[in-house]
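Sequential numbering from 1 along the given sequence is applied to the chain's residues. Because the structure is a prediction, the values reported are computed rather than measured. Side-chain atoms are counted along with the backbone in the values below, which use heavy atoms only and exclude waters and symmetry mates.
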Amino acid sequence: MEASPGGRRRRSKTFYGSRKGAELELARLRVLNDVEGAPPVTFSVAWATWVEPWIEKSVAAGKLSRNTERMYRSSWKPCEERWGGTAVGAPKPMEVQAWLDPMSKEQARSALRMMRKAAGFAAKYAGAEAQWAGVDYDLPTGAVRARKSGTYTWDEADALWLEVRGTPLEGAFLASMFGGLRVGEALAVSAPRLARVEVRGFRFCAVGVACQMERGDGEVTGDGELKNPQSVRTALVPGRYGDALLALGGASGSGWLSDRGEGIPMGRSAAGAMWGKERLPMQNLRPSWRTMAAYDWGLPDHVLEPLMGHKMQGVTGKHYLRPDTAQIAELFLNSLDEKARLRIF
């Protein structure tokens with residue numbers, strides 16, 4: 001029943017789904033329509049009413065990536081399980097602390113962030129008070145496996161290439177180590193996204209970066225679903241490294257350079273297992289390239305930053321500079337150290 005200027009009126013809506021889903025929808029509509037006598041806003045209602053639409057709107061506007069969306073939804077699951085039917089203002093700080101204690105530090109941080117996000121929207125739109133949200137909680141301090149730090153030198157990179165040559169990792173290795181792609185981006189490289197670029201007789205392989213691999217084999221994101229909007233770019237792999245990448249593309253039956261052998265690209269988990277634990281993680285290839293390109297090849301920031309998919313600093317960099325692939329290749333070649341040029345080409 002809804003209070004209206006003409007008196008109390010009955011409102012109805014047909015819902016297809018479970019009873020639990022119907023009850024959640026009824027509660028959500030009561031909150032949205034400010035129905036008199038509506039029960040306190042629960043976490044599930046806050047999520048469905050405000051957080052879900054905010055996430056979808058942010059993704060559509062390019063403010064959130066699909067990866068961030070998936071992370072938010074994953075982090076929400078433990079909140080839903082523990083607090084879904086609880087009023088936003090009901091949890092006691094000690095209850096929240098006890099809920100966080102068994103988690104890993106990162107799980108606790110992410111879950112608490114989503115819990116506070118739901119409470120924040122409820123406070124903003126329904127006036128719900130959540131004193132627990134302002135408490136400084138102790139995050140778990142369990143041991144977290146530290147990622148190996150360090151980068152590969154140019155000589156080490158060439159030696160690694162020999163080790164991975166002929167394996168499903170070769171294409172992704174070349175794209176990351178000599179083109180600066182992130183691991184997920186490199187594993188998603190396919191033959192149609194490769195193109196030969198030539199500047200004054202010097203060859204490059206242009207790699208169109210628009211999607212990336214998830215954890216599982218064959219799980220390729222849609223175009224544009226990268227870390228951020230500017231990550232959609234064209235990377236350049238120079239000289240003999242680019243020639244090898246183009247050759248792999250031409251020889252690939254399925255079109256995927258990291259084909260696991262069944263016509264589908266390899267996911268991050270399988271790639272990490274094949275790469276092995278004795279080496280620096282594959283994630284370290286990108287910083288290795290950045291270090292090598294700056295200190296061994298002599299390339300300046302205004303060449304490297306667009307190739308990495310980073311925004312240039314300042315008003316001019318953010319709003320006006322839009323170099324195309326040919327211009328970047330020309331700058332690349334002009335900036336390249338002469339000794340490095342002889343070794344690359």
Side-chain angles (χ1 to χ4, degrees), residues 65-68 70-71 74 106 144-153 156-194 205 207-228 231-233 235-237 241-242 244-292 307-309:
S65 69
R66 287 292 181 187
N67 271 351
T68 303
R70 281 186 282 271
M71 182 191 71
S74 176
E106 188 54 42
V144 177
R145 187 178 66 181
R147 178 185 294 175
K148 293 181 182 177
S149 60
T151 56
Y152 287 111
T153 65
E156 290 170 337
D158 277 340
L160 269 176
W161 183 17
L162 293 176
E163 292 180 18
V164 300
R165 185 168 290 173
T167 73
L169 290 178
E170 183 180 3
F173 171 78
L174 289 169
S176 282
M177 186 66 245
F178 300 105
L181 274 67
R182 299 178 179 92
V183 176
E185 297 169 347
L187 291 168
V189 172
S190 59
R193 297 190 188 272
L194 304 180
C205 175
V207 183
V209 182
C211 59
Q212 62 182 335
M213 293 301 301
E214 298 291 2
R215 291 286 176 190
D217 295 343
E219 296 179 2
V220 190
T221 66
D223 283 1
E225 296 181 20
L226 297 175
K227 183 175 181 180
N228 45 52
S231 293
V232 177
R233 66 196 187 281
L236 290 174
V237 181
Y241 308 114
L245 201 55
L246 285 166
L248 288 172
S252 173
S254 67
W256 298 107
L257 271 65
S258 296
D259 189 332
R260 71 171 196 178
E262 300 175 9
I264 61 174
M266 183 182 299
R268 298 188 198 190
S269 297
M274 182 176 288
W275 181 256
K277 295 181 180 180
E278 68 280 1
R279 299 181 177 126
L280 293 177
M282 288 188 74
Q283 288 89 339
N284 293 38
L285 297 181
R286 179 171 156 93
S288 296
W289 168 81
R290 183 63 171 79
T291 304
M292 177 179 65
L307 293 175
M308 294 190 79

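A side chain to side chain contact (heavy atoms under 4.5 Å, CB included) with Leu307 is found for exactly one of Leu181, Val237, Leu236, namely Leu236.
Between Leu285 and Val183 the shortest side-chain heavy-atom distance does not fall below 4.5 Å. Residues Arg268 and Gln212 have side chains in contact (heavy-atom distance under 4.5 Å, counting atoms from C-beta outward). Contact annotation: the side chain of Ser231 approaches that of Arg182 to within less than 4.5 Å [non-hydrogen atoms, C-beta and beyond]. Side chains of Pro265 and Met213 form a contact here, defined as non-hydrogen atoms less than 4.5 Å apart. Within the 4.5 Å cutoff, side-chain heavy atoms of Leu245 are placed close to those of Leu257. In this structure the side chain of Met177 never reaches within 4.5 angstrom of the side chain of Leu160, judged on heavy atoms. A heavy-atom distance below 4.5 Å is found between the side chains of Arg215 and Ser269. Side-chain contact between Thr167 and Trp275: absent, with no pair of heavy atoms (C-beta onward) separated by less than 4.5 Å.
Dense packing is recorded around CZ of Arg70, with more than 12 heavy atoms of other residues, nucleotides or ligands lying under 6.0 Å away.
In this pair, Tyr241 and Trp161 present their aromatic rings tilted. The plane angle is within the 30 to 60° band.
Across Met282 and Ala271, no two heavy atoms sit closer than the pair SD-O, 4.1 Å. Of all the heavy atoms in Ala175 and Ala186, the pair that sits closest is CB-CB, 4.1 Å. Of all heavy-atom pairs between Gly255 and Pro192, the closest is O-CD, 4.4 Å. Listed here is the closest heavy atom pair of Gly224 and Val232: CA-CG2, 3.8 Å. Counting all heavy atoms, side chain and backbone alike, Gly179 lies closest to Trp289 at N-CD1, 3.7 Å. Across Ala172 and Ser258, no two heavy atoms sit closer than the pair CB-OG, 3.6 Å.
Atoms CG and SG, from Leu174 and Cys205 in turn, are 9.5 Å apart once rounded to the nearest 0.5 Å. Taken to the nearest 0.5 Å, the CH2 atom of Trp256 stands 12.0 Å off from the CG atom of Asp217. Rounding to the nearest 0.5 Å places CD of Glu163 at 8.5 Å from CZ of Phe173.
The salt bridge (Lys or Arg N to Asp or Glu O under 4.0 Å) search around Asp259 returns none, not counting sequence neighbours. When the side chain to side chain donor-acceptor pair (under 3.5 Å) test is applied to Thr153, the partners found at least two apart in sequence or on another chain are Glu156.
Salt bridge present: Arg233 and Glu185 bring a charged side-chain N and a carboxylate O closer than 4.0 Å.
Between the side chain of Thr291 and the main chain of Pro287, a donor-acceptor pair closer than 3.5 Å is present. The closest donor-acceptor contact from the side chain of Asn284 to the backbone of Tyr152 lies at 3.5 Å or more, if one exists at all.
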